[in-house]
**Q** 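Can you read through this structure? Questions will come right after.
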Number of protein chains: 2
Amino acid sequence: MPAKISAQSAEVPERSPLPAGRNLLFLREEELRLAQDLLFFGYRDFTAGADEILVELGMGRAHHRVLHFVGRRPGITVGDLLGILAITKQSLGRVLQPMVEDGYVTQTPGRSDRRQRLLTLTEKGAALERRLFERQRETIMRAYREAGPVAVEGFRRVMRGLMGEQATAAFELLEGPAAEPGTSR
Amino acid sequence: MPAKISAQSAEVPERSPLPAGRNLLFLREEELRLAQDLLFFGYRDFTAGADEILVELGMGRAHHRVLHFVGRRPGITVGDLLGILAITKQSLGRVLQPMVEDGYVTQTPGRSDRRQRLLTLTEKGAALERRLFERQRETIMRAYREAGPVAVEGFRRVMRGLMGEQATAAFELLEGPAAEPGTSR
DNA sequence: CCGCTTGGGTCAGTATCATTGACGCATCGG
DNA sequence: CCGATGCGTCAATGATACTGACCCAAGCGG
(Lines give C-alpha, C1' and ligand atoms only; values in the text may rest on other atoms or scores of the structure.)
Protein backbone atom coordinates (compact mmCIF):
# COMPACT_ATOMS: atom_id res chain seq x y z
CA MET A 1 0.00 0.00 0.00
CA PRO A 2 2.65 2.55 0.94
CA ALA A 3 3.66 4.06 -2.31
CA LYS A 4 7.08 5.04 -1.18
CA ILE A 5 8.35 7.10 -3.97
CA SER A 6 9.72 9.32 -1.31
CA ALA A 7 11.77 11.81 -3.24
CA GLN A 8 10.33 14.11 -5.83
CA SER A 9 9.65 11.83 -8.70
CA ALA A 10 9.80 14.63 -11.18
CA GLU A 11 13.46 15.24 -11.56
CA VAL A 12 14.40 14.67 -15.11
CA PRO A 13 18.08 14.01 -15.18
CA GLU A 14 17.29 10.90 -17.13
CA ARG A 15 20.10 9.10 -18.74
CA SER A 16 18.23 10.08 -21.79
CA PRO A 17 19.57 8.88 -25.08
CA LEU A 18 19.33 10.92 -28.22
CA PRO A 19 21.83 13.49 -27.05
CA ALA A 20 23.45 14.35 -30.30
CA GLY A 21 21.69 13.94 -33.57
CA ARG A 22 18.38 12.23 -33.16
CA ASN A 23 19.34 9.23 -35.12
CA LEU A 24 17.63 5.93 -35.25
CA LEU A 25 18.67 5.38 -31.67
CA PHE A 26 15.09 5.45 -30.60
CA LEU A 27 14.54 2.19 -32.39
CA ARG A 28 16.93 0.21 -30.26
CA GLU A 29 15.63 -2.75 -28.38
CA GLU A 30 15.78 -1.08 -25.03
CA GLU A 31 13.72 1.81 -26.32
CA LEU A 32 11.12 -0.55 -27.66
CA ARG A 33 10.88 -2.41 -24.40
CA LEU A 34 10.39 0.91 -22.73
CA ALA A 35 7.43 1.47 -25.00
CA GLN A 36 5.93 -1.80 -23.83
CA ASP A 37 6.22 -0.71 -20.24
CA LEU A 38 4.77 2.69 -20.94
CA LEU A 39 1.79 1.28 -22.74
CA PHE A 40 1.11 -1.19 -20.01
CA PHE A 41 1.28 1.24 -17.13
CA GLY A 42 -0.19 4.14 -19.01
CA TYR A 43 -3.20 2.33 -20.35
CA ARG A 44 -3.92 0.73 -17.03
CA ASP A 45 -4.03 3.99 -15.18
CA PHE A 46 -5.90 5.68 -17.97
CA THR A 47 -8.77 3.26 -17.47
CA ALA A 48 -8.46 2.97 -13.71
CA GLY A 49 -10.45 6.05 -12.79
CA ALA A 50 -13.48 5.18 -14.85
CA ASP A 51 -13.33 1.59 -13.68
CA GLU A 52 -13.90 2.69 -10.12
CA ILE A 53 -17.12 4.42 -11.04
CA LEU A 54 -18.26 1.49 -13.13
CA VAL A 55 -17.78 -0.99 -10.33
CA GLU A 56 -20.15 0.97 -8.13
CA LEU A 57 -22.79 0.62 -10.79
CA GLY A 58 -22.16 -3.04 -11.39
CA MET A 59 -20.77 -2.37 -14.82
CA GLY A 60 -17.50 -3.05 -16.50
CA ARG A 61 -15.24 -1.60 -19.08
CA ALA A 62 -17.34 -3.04 -21.85
CA HIS A 63 -20.26 -0.92 -20.77
CA HIS A 64 -18.11 2.14 -20.83
CA ARG A 65 -17.01 1.41 -24.35
CA VAL A 66 -20.58 1.16 -25.49
CA LEU A 67 -21.45 4.43 -23.82
CA HIS A 68 -18.41 6.07 -25.29
CA PHE A 69 -18.86 5.00 -28.87
CA VAL A 70 -22.61 5.36 -28.96
CA GLY A 71 -22.13 8.81 -27.51
CA ARG A 72 -19.59 9.55 -30.16
CA ARG A 73 -21.82 8.35 -32.95
CA PRO A 74 -25.46 8.71 -32.01
CA GLY A 75 -27.65 6.56 -34.21
CA ILE A 76 -24.87 4.08 -34.90
CA THR A 77 -25.97 0.66 -36.09
CA VAL A 78 -25.28 -2.46 -34.09
CA GLY A 79 -23.13 -3.74 -36.91
CA ASP A 80 -20.95 -0.66 -36.99
CA LEU A 81 -20.54 -0.78 -33.25
CA LEU A 82 -19.51 -4.39 -33.50
CA GLY A 83 -16.97 -3.40 -36.10
CA ILE A 84 -15.50 -0.74 -33.88
CA LEU A 85 -15.33 -2.86 -30.78
CA ALA A 86 -14.20 -5.91 -32.71
CA ILE A 87 -16.07 -8.33 -30.50
CA THR A 88 -18.78 -10.87 -31.20
CA LYS A 89 -22.50 -10.29 -31.24
CA GLN A 90 -22.86 -12.29 -28.09
CA SER A 91 -20.32 -10.29 -26.20
CA LEU A 92 -21.96 -7.08 -27.21
CA GLY A 93 -25.43 -8.41 -26.55
CA ARG A 94 -24.63 -9.40 -23.03
CA VAL A 95 -23.64 -5.85 -22.31
CA LEU A 96 -25.98 -3.92 -24.53
CA GLN A 97 -29.19 -5.64 -23.63
CA PRO A 98 -29.13 -4.73 -19.95
CA MET A 99 -28.14 -1.22 -20.88
CA VAL A 100 -31.24 -0.88 -23.00
CA GLU A 101 -33.39 -2.39 -20.28
CA ASP A 102 -31.93 -0.10 -17.68
CA GLY A 103 -32.55 2.91 -19.84
CA TYR A 104 -29.04 3.94 -20.79
CA VAL A 105 -29.43 3.31 -24.49
CA THR A 106 -32.38 3.35 -26.87
CA GLN A 107 -32.86 1.32 -30.00
CA THR A 108 -34.84 2.81 -32.86
CA PRO A 109 -35.48 1.14 -36.20
CA GLY A 110 -33.57 2.57 -39.11
CA ARG A 111 -35.48 4.75 -41.53
CA SER A 112 -34.15 3.38 -44.76
CA ASP A 113 -33.61 -0.12 -43.43
CA ARG A 114 -35.95 -1.16 -40.71
CA ARG A 115 -33.91 -4.18 -39.80
CA GLN A 116 -31.36 -1.91 -38.24
CA ARG A 117 -31.62 -0.82 -34.65
CA LEU A 118 -29.96 2.50 -34.33
CA LEU A 119 -28.40 3.09 -30.97
CA THR A 120 -28.55 6.34 -29.07
CA LEU A 121 -27.82 7.35 -25.51
CA THR A 122 -30.71 8.34 -23.34
CA GLU A 123 -30.43 11.29 -21.02
CA LYS A 124 -29.42 8.85 -18.32
CA GLY A 125 -26.84 7.22 -20.55
CA ALA A 126 -25.39 10.53 -21.61
CA ALA A 127 -25.13 11.58 -17.99
CA LEU A 128 -23.20 8.49 -17.05
CA GLU A 129 -20.96 8.80 -20.05
CA ARG A 130 -20.32 12.35 -19.05
CA ARG A 131 -19.37 11.32 -15.57
CA LEU A 132 -16.98 8.69 -16.82
CA PHE A 133 -15.50 11.10 -19.27
CA GLU A 134 -14.89 13.73 -16.65
CA ARG A 135 -12.93 11.23 -14.68
CA GLN A 136 -10.67 10.25 -17.51
CA ARG A 137 -10.47 13.84 -18.57
CA GLU A 138 -8.58 14.67 -15.43
CA THR A 139 -6.02 12.00 -16.12
CA ILE A 140 -5.53 12.95 -19.74
CA MET A 141 -5.51 16.65 -19.10
CA ARG A 142 -2.83 16.33 -16.52
CA ALA A 143 -0.70 14.23 -18.82
CA TYR A 144 -1.28 16.55 -21.75
CA ARG A 145 -0.62 19.67 -19.81
CA GLU A 146 2.57 18.41 -18.29
CA ALA A 147 3.82 17.11 -21.59
CA GLY A 148 2.95 20.14 -23.66
CA PRO A 149 1.38 20.55 -27.10
CA VAL A 150 4.32 19.27 -29.06
CA ALA A 151 4.41 16.08 -27.06
CA VAL A 152 0.68 15.66 -27.47
CA GLU A 153 1.00 15.82 -31.20
CA GLY A 154 3.73 13.23 -31.06
CA PHE A 155 1.65 11.03 -28.82
CA ARG A 156 -1.15 11.10 -31.33
CA ARG A 157 1.08 10.24 -34.21
CA VAL A 158 2.53 7.25 -32.44
CA MET A 159 -0.81 5.95 -31.25
CA ARG A 160 -2.23 6.20 -34.71
CA GLY A 161 0.72 4.30 -36.03
CA LEU A 162 0.09 1.46 -33.62
CA MET A 163 -3.28 0.79 -35.15
CA GLY A 164 -3.72 -1.88 -37.73
CA GLU A 165 -5.84 -1.65 -40.81
CA GLN A 166 -9.08 -2.62 -39.22
CA ALA A 167 -8.69 -0.20 -36.35
CA THR A 168 -7.58 2.58 -38.65
CA ALA A 169 -10.71 2.12 -40.70
CA ALA A 170 -12.88 2.15 -37.61
CA PHE A 171 -11.04 5.15 -36.29
CA GLU A 172 -11.51 7.16 -39.42
CA LEU A 173 -15.12 6.20 -39.54
CA LEU A 174 -15.39 7.64 -36.08
CA GLU A 175 -13.42 10.82 -36.36
CA GLY A 176 -13.99 11.51 -39.97
CA PRO A 177 -17.31 11.91 -41.70
CA ALA A 178 -20.18 13.52 -39.94
CA ALA A 179 -21.85 10.62 -41.65
CA GLU A 180 -25.17 10.31 -43.34
CA PRO A 181 -27.70 8.63 -41.10
CA GLY A 182 -28.67 12.07 -39.93
CA THR A 183 -28.86 12.58 -36.21
CA SER A 184 -26.01 14.96 -35.71
CA ARG A 185 -27.21 16.36 -32.48
CA MET B 1 -7.74 14.28 -5.88
CA PRO B 2 -4.46 16.13 -6.10
CA ALA B 3 -5.07 19.58 -7.41
CA LYS B 4 -1.44 20.47 -7.56
CA ILE B 5 -0.18 19.78 -10.98
CA SER B 6 2.06 22.72 -10.64
CA ALA B 7 4.62 21.60 -8.12
CA GLN B 8 6.77 19.40 -10.24
CA SER B 9 6.25 20.97 -13.60
CA ALA B 10 8.45 23.80 -12.52
CA GLU B 11 11.37 21.43 -12.65
CA VAL B 12 10.56 19.98 -16.04
CA PRO B 13 12.49 21.46 -18.90
CA GLU B 14 9.77 22.69 -21.18
CA ARG B 15 10.38 22.31 -24.81
CA SER B 16 8.45 25.37 -25.82
CA PRO B 17 7.69 28.77 -24.33
CA LEU B 18 4.03 27.85 -24.32
CA PRO B 19 2.14 31.10 -24.68
CA ALA B 20 -1.04 30.19 -22.93
CA GLY B 21 -3.91 31.36 -25.08
CA ARG B 22 -3.91 29.37 -28.25
CA ASN B 23 -1.79 26.45 -27.18
CA LEU B 24 -4.36 25.26 -24.74
CA LEU B 25 -6.61 24.32 -27.58
CA PHE B 26 -5.36 20.79 -27.39
CA LEU B 27 -7.13 20.44 -24.10
CA ARG B 28 -10.58 20.90 -25.54
CA GLU B 29 -13.14 18.22 -25.00
CA GLU B 30 -13.01 16.93 -28.53
CA GLU B 31 -9.26 16.55 -28.29
CA LEU B 32 -9.59 14.60 -25.11
CA ARG B 33 -12.18 12.28 -26.57
CA LEU B 34 -9.81 11.72 -29.42
CA ALA B 35 -7.25 10.60 -26.90
CA GLN B 36 -9.69 8.04 -25.56
CA ASP B 37 -10.19 6.64 -29.01
CA LEU B 38 -6.50 6.54 -29.73
CA LEU B 39 -5.71 4.73 -26.54
CA PHE B 40 -8.42 2.19 -27.12
CA PHE B 41 -7.51 1.35 -30.68
CA GLY B 42 -3.81 1.75 -30.22
CA TYR B 43 -3.51 -0.41 -27.15
CA ARG B 44 -5.68 -3.09 -28.63
CA ASP B 45 -3.60 -3.45 -31.73
CA PHE B 46 -0.41 -3.17 -29.78
CA THR B 47 -1.31 -6.31 -27.89
CA ALA B 48 -3.03 -8.10 -30.75
CA GLY B 49 0.06 -9.57 -32.37
CA ALA B 50 1.41 -11.17 -29.24
CA ASP B 51 -2.02 -12.43 -28.31
CA GLU B 52 -2.13 -14.54 -31.45
CA ILE B 53 1.04 -16.34 -30.50
CA LEU B 54 -0.11 -16.82 -26.96
CA VAL B 55 -3.37 -18.42 -27.99
CA GLU B 56 -1.48 -21.10 -29.87
CA LEU B 57 0.35 -21.96 -26.69
CA GLY B 58 -2.73 -21.94 -24.53
CA MET B 59 -1.56 -18.84 -22.71
CA GLY B 60 -3.00 -15.42 -22.19
CA ARG B 61 -1.88 -11.89 -21.80
CA ALA B 62 -1.12 -12.45 -18.14
CA HIS B 63 1.53 -14.98 -19.08
CA HIS B 64 3.11 -12.50 -21.40
CA ARG B 65 3.26 -9.89 -18.70
CA VAL B 66 5.05 -12.29 -16.40
CA LEU B 67 7.53 -13.18 -19.12
CA HIS B 68 8.05 -9.55 -19.92
CA PHE B 69 8.66 -8.27 -16.43
CA VAL B 70 10.66 -11.23 -15.23
CA GLY B 71 12.75 -10.86 -18.34
CA ARG B 72 13.19 -7.20 -17.59
CA ARG B 73 14.20 -7.83 -14.02
CA PRO B 74 15.76 -11.25 -13.65
CA GLY B 75 15.76 -12.34 -10.03
CA ILE B 76 12.75 -10.22 -9.18
CA THR B 77 10.86 -11.23 -6.07
CA VAL B 78 7.28 -12.38 -6.19
CA GLY B 79 6.29 -9.41 -4.12
CA ASP B 80 7.85 -6.90 -6.45
CA LEU B 81 6.25 -8.56 -9.42
CA LEU B 82 2.91 -8.36 -7.69
CA GLY B 83 3.51 -4.69 -7.11
CA ILE B 84 4.25 -4.09 -10.75
CA LEU B 85 1.34 -6.04 -12.08
CA ALA B 86 -1.00 -4.74 -9.39
CA ILE B 87 -2.95 -7.96 -9.17
CA THR B 88 -3.57 -10.35 -6.32
CA LYS B 89 -1.41 -13.25 -5.27
CA GLN B 90 -4.03 -15.67 -6.52
CA SER B 91 -4.17 -14.15 -9.94
CA LEU B 92 -0.44 -14.29 -10.24
CA GLY B 93 -0.23 -17.77 -8.80
CA ARG B 94 -2.68 -19.16 -11.27
CA VAL B 95 -0.46 -17.98 -14.07
CA LEU B 96 2.96 -18.33 -12.54
CA GLN B 97 2.66 -21.82 -11.18
CA PRO B 98 2.06 -23.51 -14.53
CA MET B 99 4.83 -21.45 -16.03
CA VAL B 100 7.23 -22.81 -13.46
CA GLU B 101 5.98 -26.35 -14.00
CA ASP B 102 6.29 -26.01 -17.75
CA GLY B 103 9.81 -24.72 -17.43
CA TYR B 104 9.43 -21.12 -18.49
CA VAL B 105 10.40 -19.62 -15.17
CA THR B 106 12.61 -20.78 -12.32
CA GLN B 107 12.29 -19.97 -8.67
CA THR B 108 15.40 -19.76 -6.57
CA PRO B 109 15.53 -18.89 -2.90
CA GLY B 110 16.94 -15.49 -2.09
CA ARG B 111 20.41 -15.43 -0.62
CA SER B 112 19.91 -12.80 2.00
CA ASP B 113 16.30 -13.75 2.64
CA ARG B 114 15.49 -17.36 1.98
CA ARG B 115 11.78 -16.76 2.14
CA GLN B 116 11.95 -15.05 -1.16
CA ARG B 117 11.65 -16.95 -4.40
CA LEU B 118 13.52 -15.04 -6.98
CA LEU B 119 12.09 -15.41 -10.45
CA THR B 120 14.15 -15.85 -13.56
CA LEU B 121 13.38 -16.89 -17.10
CA THR B 122 14.70 -20.21 -18.28
CA GLU B 123 16.14 -20.57 -21.72
CA LYS B 124 12.74 -21.67 -22.87
CA GLY B 125 11.04 -18.75 -21.20
CA ALA B 126 13.49 -16.28 -22.64
CA ALA B 127 12.96 -17.74 -26.09
CA LEU B 128 9.22 -17.31 -25.87
CA GLU B 129 9.55 -13.83 -24.50
CA ARG B 130 11.84 -13.06 -27.36
CA ARG B 131 9.32 -14.33 -29.85
CA LEU B 132 6.55 -12.27 -28.35
CA PHE B 133 8.76 -9.25 -28.23
CA GLU B 134 9.71 -9.56 -31.87
CA ARG B 135 6.08 -9.50 -32.77
CA GLN B 136 5.30 -6.36 -30.86
CA ARG B 137 8.54 -4.87 -32.00
CA GLU B 138 7.29 -4.77 -35.54
CA THR B 139 4.20 -2.87 -34.50
CA ILE B 140 6.06 -0.37 -32.37
CA MET B 141 8.90 0.09 -34.80
CA ARG B 142 6.53 0.91 -37.59
CA ALA B 143 4.67 3.41 -35.47
CA TYR B 144 7.88 4.96 -34.18
CA ARG B 145 9.50 5.17 -37.55
CA GLU B 146 6.50 6.73 -39.19
CA ALA B 147 6.05 9.20 -36.41
CA GLY B 148 9.68 10.22 -36.05
CA PRO B 149 11.92 10.82 -33.05
CA VAL B 150 10.27 14.00 -31.87
CA ALA B 151 6.89 12.33 -31.84
CA VAL B 152 8.33 9.38 -29.97
CA GLU B 153 9.66 11.63 -27.27
CA GLY B 154 6.26 13.25 -27.00
CA PHE B 155 4.57 9.90 -26.85
CA ARG B 156 6.75 8.93 -23.94
CA ARG B 157 6.08 12.08 -22.05
CA VAL B 158 2.35 11.71 -22.39
CA MET B 159 2.32 8.06 -21.45
CA ARG B 160 4.38 8.74 -18.38
CA GLY B 161 1.97 11.46 -17.44
CA LEU B 162 -0.94 9.08 -17.59
CA MET B 163 0.55 6.95 -14.86
CA GLY B 164 -0.56 7.37 -11.31
CA GLU B 165 1.67 7.28 -8.30
CA GLN B 166 1.77 3.56 -7.87
CA ALA B 167 2.54 2.91 -11.51
CA THR B 168 5.16 5.63 -11.57
CA ALA B 169 6.91 4.02 -8.65
CA ALA B 170 6.80 0.64 -10.28
CA PHE B 171 7.97 2.09 -13.54
CA GLU B 172 10.94 3.77 -12.00
CA LEU B 173 11.80 0.65 -10.12
CA LEU B 174 11.87 -1.08 -13.47
CA GLU B 175 13.73 1.37 -15.60
CA GLY B 176 15.82 2.82 -12.88
CA PRO B 177 18.39 1.02 -10.76
CA ALA B 178 20.12 -1.74 -12.60
CA ALA B 179 21.83 -2.90 -9.47
CA GLU B 180 22.83 -0.79 -6.55
CA PRO B 181 21.87 -1.43 -2.97
CA GLY B 182 24.38 -4.16 -2.41
CA THR B 183 21.92 -6.90 -1.66
CA SER B 184 20.90 -7.87 -5.12
CA ARG B 185 23.60 -9.41 -7.23
C1' DC C 1 -44.09 -14.15 -54.90
C1' DC C 2 -40.09 -16.69 -53.84
C1' DG C 3 -35.90 -17.54 -52.36
C1' DC C 4 -31.50 -15.70 -50.61
C1' DT C 5 -28.98 -12.46 -48.06
C1' DT C 6 -28.42 -9.38 -44.35
C1' DG C 7 -29.11 -7.06 -39.63
C1' DG C 8 -29.90 -8.43 -35.38
C1' DG C 9 -30.90 -11.42 -31.25
C1' DT C 10 -30.29 -15.64 -28.58
C1' DC C 11 -29.09 -20.36 -26.55
C1' DA C 12 -25.46 -23.26 -24.61
C1' DG C 13 -20.98 -24.13 -23.33
C1' DT C 14 -16.10 -22.72 -22.38
C1' DA C 15 -11.80 -20.02 -21.30
C1' DT C 16 -9.04 -16.21 -19.23
C1' DC C 17 -8.36 -12.85 -15.97
C1' DA C 18 -9.51 -10.82 -12.15
C1' DT C 19 -11.54 -10.48 -7.29
C1' DT C 20 -12.10 -11.45 -1.74
C1' DG C 21 -11.03 -13.74 2.52
C1' DA C 22 -8.90 -17.01 5.17
C1' DC C 23 -5.40 -20.18 6.33
C1' DG C 24 -0.69 -22.55 6.33
C1' DC C 25 4.16 -22.48 6.44
C1' DA C 26 8.86 -21.05 6.68
C1' DT C 27 11.82 -17.57 7.72
C1' DC C 28 13.34 -13.12 9.53
C1' DG C 29 14.36 -10.02 13.23
C1' DG C 30 14.25 -8.22 17.77
C1' DC D 1 10.19 -17.11 21.54
C1' DC D 2 6.98 -14.11 19.13
C1' DG D 3 5.27 -11.22 15.84
C1' DA D 4 5.86 -9.69 11.14
C1' DT D 5 6.85 -10.84 6.52
C1' DG D 6 7.15 -13.56 1.95
C1' DC D 7 4.88 -16.87 -0.38
C1' DG D 8 1.56 -20.46 -1.56
C1' DT D 9 -3.15 -22.13 -1.59
C1' DC D 10 -8.24 -23.26 -0.88
C1' DA D 11 -12.94 -21.90 -2.27
C1' DA D 12 -16.21 -19.10 -4.35
C1' DT D 13 -17.45 -15.37 -7.58
C1' DG D 14 -17.75 -12.17 -11.45
C1' DA D 15 -16.60 -9.76 -15.93
C1' DT D 16 -15.22 -10.31 -20.52
C1' DA D 17 -14.49 -12.80 -24.21
C1' DC D 18 -15.04 -16.86 -27.48
C1' DT D 19 -17.44 -20.64 -30.70
C1' DG D 20 -21.23 -22.53 -33.30
C1' DA D 21 -25.79 -22.99 -34.27
C1' DC D 22 -30.27 -21.31 -34.92
C1' DC D 23 -34.16 -17.87 -35.39
C1' DC D 24 -36.75 -13.81 -36.95
C1' DA D 25 -37.77 -9.96 -39.81
C1' DA D 26 -36.80 -7.12 -43.46
C1' DG D 27 -34.44 -6.08 -47.89
C1' DC D 28 -33.83 -7.31 -52.67
C1' DG D 29 -33.30 -9.48 -57.19
C1' DG D 30 -35.56 -12.25 -60.45
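Chain letters run A, B, ... following the sequence lines, proteins first and then strands; every chain starts at 1.
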**Q** Here's a test for you: under side chain to side chain contact (heavy atoms under 4.5 Å, CB included), which of V66(A), V70(A), L128(A), T106(A) qualifies with L121(A)?
**A** V70(A)
**Q** Are the charged groups of R130(B) and E29(A) less than 4.0 angstrom apart, N to O?
**A** yes
**Q** Whether H63(A) contacts dA15(D) is assessed here as follows: a side-chain N or O lying under 4.0 Å from the phosphate OP1 or OP2. Is that the case?
**A** no
**Q** Within the pair T88(A) and dC18(D), is there a side-chain N or O less than 4.0 Å away from OP1 or OP2?
**A** yes
**Q** Do the side chain of R94(A) and the base of dA15(D) come within less than 3.5 angstrom through a donor-acceptor pair of N or O atoms?
**A** no
**Q** Between P on dA18(C) and CG on L54(A), what's the gap in Å once rounded to a whole number?
**A** 17 Å
**Q** Mind telling me whether F171(B) and F41(A) have parallel, tilted or perpendicular rings, with 30° and 60° as the class edges?
**A** perpendicular
**Q** Under 4.0 Å: is that the gap between some side-chain N or O of S91(A) and OP1 or OP2 of dC18(D)?
**A** yes
**Q** May I have the distance from F40(A) (atom CZ) to dC17(C) (atom P), rounded to whole angstrom?
**A** 13 Å
**Q** Would you say dA25(D) has OP1 or OP2 under 4.0 Å from some side-chain N or O of R114(A)?
**A** no
**Q** Can you tell me the distance, in whole Å, between the CE atom of M59(B) and the P atom of dC17(C)?
**A** 10 Å
**Q** Take the angle between the ring planes of H68(A) and H64(A) and call it parallel below 30°, perpendicular above 60°, tilted in between.
**A** perpendicular
**Q** Would you mind reading off the distance between I87(A) atom CD1 and dG8(C) atom P, rounded to a whole angstrom?
**A** 14 Å
**Q** Grab the NE2-P distance between H64(B) and dC17(C) for me, whole Å please.
**A** 12 Å
**Q** Dump the pairs, protein N or O against N or O of nucleotides 6-8 of chain D, anything under 3.5 Å, distances to one decimal.
**A**
from	atom 1	to	atom 2	distance (Å)
dC7(D)	OP1	V78(B)	N	3.3
dC7(D)	OP2	G79(B)	N	2.7
dC7(D)	N4	K89(B)	NZ	3.2
dG8(D)	OP1	Q107(B)	NE2	2.8
dG8(D)	N7	K89(B)	NZ	3.2
dG8(D)	O6	K89(B)	NZ	2.6

**Q** Restricting to non-hydrogen atoms, name the atom on L92(A) and the atom on I87(A) that form the minimum distance, rounded to 0.1 Å.
**A** N-CD1, 3.7 Å
**Q** Rounded to whole angstroms, how far apart are CG on L57(B) and P on dT16(C)?
**A** 12 Å
**Q** Could R33(B) and F133(A) be counted as a cation-pi pair, given that NZ or CZ must be under 6.0 Å from the ring centre and within 45° of the axis?
**A** yes
**Q** For the pair made of CG in L82(A) and C1' in dT6(C), what is the distance, rounded to whole Å?
**A** 14 Å
**Q** Expressed in angstrom and rounded to an integer, what is the separation of R44(B) atom CZ from dT16(D) atom P?
**A** 16 Å
**Q** Relative to the 5' end of DNA chain D, which residue comes earlier, R65(A) or S112(A), by the nucleotide with the nearest heavy atom?
**A** R65(A)
**Q** If the plane angle is over 60° it's perpendicular, under 30° parallel, otherwise tilted; pick one for F155(A) and F155(B).
**A** parallel
